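Since we're looking at a predicted model, the values are computed, not measured.
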Amino acid sequence: MWDLEGAQIAFRLYMGDLYVAISNEAIVPKMIEIATELRADIVEG
């Protein structure tokens with residue numbers, strides 16, 4: 001679990017890919033920040 005401002009966000013790492021459940025729109029900016037730092041792609045779906 002990932003803690004963001006007191007909210008618990010589920011994520012999983014599978015075969016080198018990180019999957020995040022977008023249950024709250026507040027997660028999106030943090031996800032983009034982390035992906036940018038990791039030079040990772042963001043894919044919806």
More than 12 non-hydrogen atoms from neighbouring residues, nucleotides or ligands closer than 6.0 Å to CG on D17, yes or no? yes
Heavy-atom count check: over 12 atoms from other residues, nucleotides or ligands less than 6.0 Å from Q8 CD? yes
dist T36:OG1 -> I42:CD1 (nearest 0.5 Å) comes out at 6.0 Å
Measuring from M31:CE to L18:CG, what's the distance to the nearest 0.5 Å? 9.5 Å
Let's go through F11 and Y19 carefully: what are the C-alpha distance in whole Å and the side-chain angles of both, what is the deciding distance for side-chain contact (heavy atoms from CB on, under 4.5 Å) to 0.1 Å, and is it a yes or a no? CA-CA 5 Å; F11 73 92; Y19 296 86; over 6 Å; no
Output for pair (D3 CG, I9 CD1), nearest 0.5 Å, gives 7.0 Å
Would you say I34 and Y14 are hydrophobically clustered, going by side-chain heavy atoms of ILVMFWY under 4.5 Å? no
